[in-house]
Amino acid sequence: MTMHDTRMPDATVTIEDLAPDARFSLRVGADGRAAASETLGLDLPVRVGDVARGAEERTALCLGPDEWLITAPAEAGGAIARAFADLYDRTPHSLVDVSDREVTVRVTGPEALTLMTIGCPRDLARLAPGRAVRTVFDGATVILWRDAEDTFRMDVWRSFAPFVRDLLEIGRAEIAAGL
Amino acid sequence: MLLIHCPYCDETLPEAEFAYAGEAHVDRPADPMALSDDEWAAFLFIRSNPKGVHAERWRHVHGCARFFNAERDTVTDAFVSTYRAGEPRPGTKCSAGAPAGDDMKVAAE
């Protein structure tokens with residue numbers, strides 16, 4: 001059996017860790033969605049998997065019928081938390097800062113889709129670029145963003161991250177070796 | 001792998017994203033104190049276990065995280081329908097090739 005170099009420079013897929021973002025889990029019922037949208041400054045999408053993008057790089061991903069993931073640059077988190085704090089009096093909702101819960105890994109390259117299929121049971125070819133879903137990656141719940149045709153971004157819970165990272169690295173080495 | 005249609009995500013997705021959560025439409029008695037021990041034990045433990053179409057709860061745990069109900073044929077393992085929690089059972093009795101057994105009744109009846 002031949003040993004393959006796992007660090008081949010011409011690998012067709014790249015895995016990198018991204019800098020932290022501000023992340024919030026927002027739960028609000030249908031009658032409070034308009035008020036929450038106004039507070040956030042963008043329309044909260046209603047279809048599961050849709051992403052809305054607003055000013056100051058704020059994004060809202062619809063995870064469920066009453067659940068959204070809000071992301072923003074790390075330094076903008078405080079402003080979002082303060083804006084929603086004022087909303088508690090008028091609209092029942094829950095905004096929880098989950099910035100430190102997950103770390104983000106980005107997978108790019110022509111073989112990115114192939115690499116994601118080693119852990120994700122979904123038919124990811126049907127996930128349109130620009131959308132994102134909460135799904136499973138070899139047993140770990142992840143939020144998977146498809147930023148472009150050949151770019152995936154995955155938010156992984158901190159405790160699962162070393163496992164997911166190692167698995168991706170094994171897959172990358174196999175793809176690089178032509179397996 | 002089974003493919004399950006999530007009524008909240010409105011997508012047909014692999015079984016690996018879902019978790020089974022027991023029989024559906026088992027109503028908790030309104031006044032548990034009025035029940036005998038046998039009746040309470042029946043509510044807790046006795047399920048219909050049909051041969052044929054079974055109404056059961058599933059949770060899209062690695063997705064929208066919602067509980068929903070599904071009708072699954074216990075003979076063929078085919079999902080007949082899925083519907084949101086709180087909606088009435090569509091009432092599909094059985095599919096071709098899977099005759100319903102005599103025990104085809106829901107425990108809550």
Side-chain angles (χ1 to χ4, degrees), chain A residues 25-30 33 44-51 60-69 94 96 98 101-102 113 116-128 130-146 154-157 159-160 163-164 167, chain B residues 1-28 53-92 95 108:
Chain A
S25 167
L26 171 67
R27 305 291 303 262
V28 62
R33 202 180 66 238
L44 291 172
V46 288
R47 182 177 163 225
V48 174
D50 275 0
V51 180
L61 160 63
C62 183
L63 290 175
D66 60 2
E67 184 179 8
W68 287 268
L69 176 73
S94 154
V96 179
V98 293
R101 186 178 68 179
E102 288 145 329
L113 180 62
M116 298 316 296
T117 59
I118 66 171
C120 185
R122 276 203 188 218
D123 181 4
L124 291 176
R126 287 172 51 202
L127 180 64
R131 303 192 79 225
V133 287
R134 182 159 55 193
T135 179
V136 63
F137 194 85
D138 204 44
T141 297
V142 298
I143 293 172
L144 182 64
W145 306 69
R146 189 168 197 181
M154 200 157 59
D155 299 338
V156 188
W157 281 38
S159 53
F160 294 116
F163 161 70
V164 169
L167 188 66
Chain B
M1 185 179 284
L2 292 171
L3 293 173
I4 302 173
H5 184 266
C6 173
Y8 292 97
C9 298
D10 198 22
E11 277 192 273
T12 301
L13 299 165
E15 178 195 1
E17 289 195 0
F18 296 84
Y20 177 72
E23 182 166 355
H25 307 298
V26 179
D27 293 333
R28 183 184 170 86
V53 179
H54 183 224
E56 52 199 18
R57 298 165 76 226
W58 283 78
R59 186 179 181 212
H60 192 187
V61 61
H62 300 296
C64 63
R66 282 299 170 126
F67 281 92
F68 60 92
N69 295 327
E71 288 181 312
R72 183 178 57 91
D73 196 312
T74 57
V75 177
T76 60
D77 222 10
F79 277 79
V80 180
S81 68
T82 58
Y83 49 102
R84 293 182 178 212
E87 289 178 3
R89 185 177 175 181
T92 317
S95 61

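Below, read A as the first sequence line, B as the second, and so on, with proteins coming before strands; counting in each chain starts at 1.
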Which donor-acceptor pairs lie under 3.5 Å between chain B and chain A?
residue	atom	partner	partner atom	Å
B:E17	OE1	A:R122	NH2	3.3
B:E17	OE2	A:R122	NE	2.7
B:E17	OE2	A:T135	OG1	2.5
B:H62	ND1	A:T141	OG1	2.5
B:G63	O	A:R134	NE	2.6
B:G63	O	A:R134	NH2	2.9
B:R66	NH2	A:D66	OD1	3.0
B:R66	NH2	A:D66	OD2	2.8

Exercise. For residues A:V136 and B:A16, report the shortest heavy-atom separation together with the two atoms involved.
Key: CG1-O, 4.1 Å
Self-check item: Minimum heavy-atom distance between B:C64 and A:P65, given as atom pair plus value
Solution: CB-CD, 4.4 Å
